[in-house]
Amino acid sequence: MEKIQIHTYKGPIGELVLGSYQERLCLCEWAFRKMRKAVDSRIQNGLKAEFEPGKSEVIEQTIRQLEEYFEQKRKVFDIPLLFVGSEFQRSVWEKLGEIPFGETRTYLGLSKELGNPDAIRAVATANGANAISIIIPCHRVIGSDGSLVGYAGGLDAKKRLLKLENARVISNKDQMGLF
């Protein structure tokens, strides 16, 4: 059976589990996330592979880039990624990856950008299933009223990430503020 190399990274905001498969990052997930088992199972089943502790060049590269991000020396990640999910989930994750550093989007805004304004709940569900946190910036998605809503790493981690980025909050009412 194929192997997914996994390694734990303790960052300043929390502990992440990093996973690489065939030299692409497929996992950058909060270690203590409630849905960890479901996410792990989806990745292992989708890749027909099992986890094996270890490091790879992609994991080393991810750690370097995460440290640069936390030190405010990096705004864009350039790590080869592997999305494991449905076609719809992958389209949402790709759109999330386009949200610039320091900006936010709403679930409604994302569903409109994907061409389906009625898919707000489906977009929110796909956002929640993102297994490549921080690098695919699901923390940059907020409620339509500008509130912080659901985040796998917890709302405190989401707030800290947005503050690190000096993120502008833009609600559907065009209210703006900084974290």
Side-chain angles (χ1 to χ4, degrees), residues 2-44 46-85 89-105 110 126-142 148 150-168 178-179:
E2 293 282 329
K3 303 292 182 195
I4 301 165
Q5 297 293 311
I6 60 165
H7 178 77
T8 301
Y9 166 72
K10 294 181 181 176
I13 294 181
E15 194 170 306
L16 296 164
V17 177
L18 307 176
S20 72
Y21 178 78
Q22 297 181 349
E23 291 307 312
R24 292 190 290 169
L25 189 75
C26 61
L27 186 67
C28 181
E29 182 63 278
W30 298 96
F32 302 106
R33 176 184 184 172
K34 290 178 186 173
M35 291 178 50
R36 267 300 307 285
K37 286 185 180 180
V39 171
D40 290 352
S41 179
R42 183 184 79 228
I43 290 172
Q44 290 179 63
L47 296 176
K48 295 177 179 51
E50 58 187 26
F51 290 156
E52 177 179 85
K55 278 190 178 179
S56 66
E57 179 53 40
V58 169
I59 288 175
E60 294 285 352
Q61 180 183 6
T62 302
I63 291 169
R64 283 191 301 274
Q65 290 191 22
L66 283 169
E67 288 175 351
E68 291 167 359
Y69 169 81
F70 289 123
E71 293 167 1
Q72 297 185 308
K73 296 177 182 174
R74 174 175 290 276
K75 294 182 178 183
V76 176
F77 294 93
D78 59 358
I79 296 164
L81 302 176
L82 176 61
F83 296 131
V84 181
Q89 287 173 322
R90 291 190 310 269
S91 72
V92 171
W93 300 331
E94 287 170 11
K95 189 59 69 179
L96 287 171
E98 296 172 9
I99 303 172
F101 180 94
E103 293 186 20
T104 59
R105 298 288 187 275
L110 276 177
N127 189 63
N130 174 28
I132 307 178
S133 288
I134 302 175
I135 293 161
I136 296 300
C138 51
H139 62 277
R140 296 179 188 153
V141 181
I142 58 173
L148 297 187
Y151 186 60
L155 292 182
D156 182 59
K158 182 172 189 162
K159 186 173 187 174
R160 290 173 68 190
L161 290 168
L162 291 171
K163 188 173 183 171
L164 174 91
E165 296 182 11
N166 291 316
R168 287 198 169 279
L178 292 177
F179 275 92

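Along the sequence shown, residues are numbered consecutively beginning with 1.
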Visitor: So how far is it from C138 SG to N127 CG, rounded to the nearest 0.5 Å?
Guide: 5.0 Å
Visitor: After noting the C-alpha distance and the side-chain angles of L47 and L82, does the key distance pass the side chain to side chain contact (heavy atoms under 4.5 Å, CB included) rule?
Guide: CA-CA 10 Å; L47 296 176; L82 176 61; 3.6 Å; yes
Visitor: Please give me the minimum heavy-atom distance between K55 and Q5, naming the atom from each residue.
Guide: N-OE1, 3.9 Å
Visitor: Determine yes or no for a side-chain-to-main-chain donor-acceptor pair under 3.5 angstrom, with E2 supplying the side chain and K48 the backbone.
Guide: no
Visitor: So which heavy atom on L155 is nearest to which on G150, and how close?
Guide: CD2-N, 3.8 Å
Visitor: Would you check if L161 and Y151 make a side-chain contact, meaning some heavy-atom pair closer than 4.5 Å?
Guide: yes
Visitor: Could you check if a side-chain atom of I142 sits within less than 4.5 angstrom of a side-chain atom of L148, using non-hydrogen atoms only?
Guide: yes
Visitor: Check the pair V84 / Y21 against side chain to side chain contact (heavy atoms under 4.5 Å, CB included), numbers first and verdict last.
Guide: CA-CA 11 Å; V84 181; Y21 178 78; over 6 Å; no
Visitor: Please name all residues satisfying side chain to side chain donor-acceptor pair (under 3.5 Å) with E23, sequence neighbours left out, ordered by chain then number.
Guide: none
Visitor: First locate atom CD1 of I59, then atom CG of L27, and finally report the distance between them rounded to the nearest 0.5 Å.
Guide: 8.5 Å
Visitor: What residues form a side chain to side chain donor-acceptor pair (under 3.5 Å) with S56, not counting sequence neighbours?
Guide: S20
Visitor: Please report the shortest heavy-atom distance between A157 and W30, naming the atom on each side.
Guide: CB-CH2, 4.1 Å
Visitor: Looking at CD1 of I135 and CG of D78, how far apart are the two atoms once the value is rounded to the nearest 0.5 Å?
Guide: 10.0 Å
Visitor: Hey, could you give me each pair passing ring-ring contact (aromatic ring centres under 6.0 Å, His included) that has a residue in residues 55-80? Not counting sequence neighbours.
Guide: Y69-F77
Visitor: With E15, which residues qualify under side chain to side chain contact (heavy atoms under 4.5 Å, CB included), at least two apart?
Guide: T8, K10, A31, F32
Visitor: Contact between E98 and P137 at the side-chain level, heavy atoms closer than 4.5 Å - yes or no?
Guide: no
Visitor: Contact between V141 and I99 at the side-chain level, heavy atoms closer than 4.5 Å - yes or no?
Guide: yes
Visitor: Could you name each residue pair satisfying salt bridge (charged side-chain N to carboxylate O under 4.0 Å, His left out) that touches residues 25-37, not counting sequence neighbours?
Guide: E29-R33, R36-D40
Visitor: Grab the two heavy atoms, one from G102 and one from R140, that are nearest each other, plus how far apart they are.
Guide: N-NE, 4.3 Å
Visitor: Using only atom types and a distance under 3.5 Å, with no angle test, would you say the side chain of R105 pairs donor to acceptor with the backbone of K95?
Guide: no
Visitor: Measuring from atom CD1 of I134 to atom NE2 of H139, what distance do you get when rounded to the nearest 0.5 angstrom?
Guide: 7.0 Å
Visitor: If you take all heavy atoms of N130 and I136, which pair is closest and at what distance?
Guide: ND2-O, 2.9 Å
Visitor: Kindly write out the residues that satisfy side chain to side chain donor-acceptor pair (under 3.5 Å) with R64, not counting sequence neighbours, or none if the list is empty.
Guide: E57
Visitor: How far apart are the closest heavy atoms of L164 and F101, and which atoms are they?
Guide: O-CZ, 4.3 Å
Visitor: Could you please spell out the steps behind the side chain to side chain contact (heavy atoms under 4.5 Å, CB included) verdict for I63 and H7?
Guide: CA-CA 10 Å; I63 291 169; H7 178 77; 3.8 Å; yes
Visitor: So C28 and Y9, do their side chains get closer than 4.5 Å, heavy atoms only?
Guide: no
Visitor: Rounded at 0.5 Å granularity, tell me how far CD in Q65 sits from CD1 in I79.
Guide: 4.0 Å
Visitor: What's the spacing between E71 CD and L66 CG if we round to 0.5 Å?
Guide: 11.0 Å
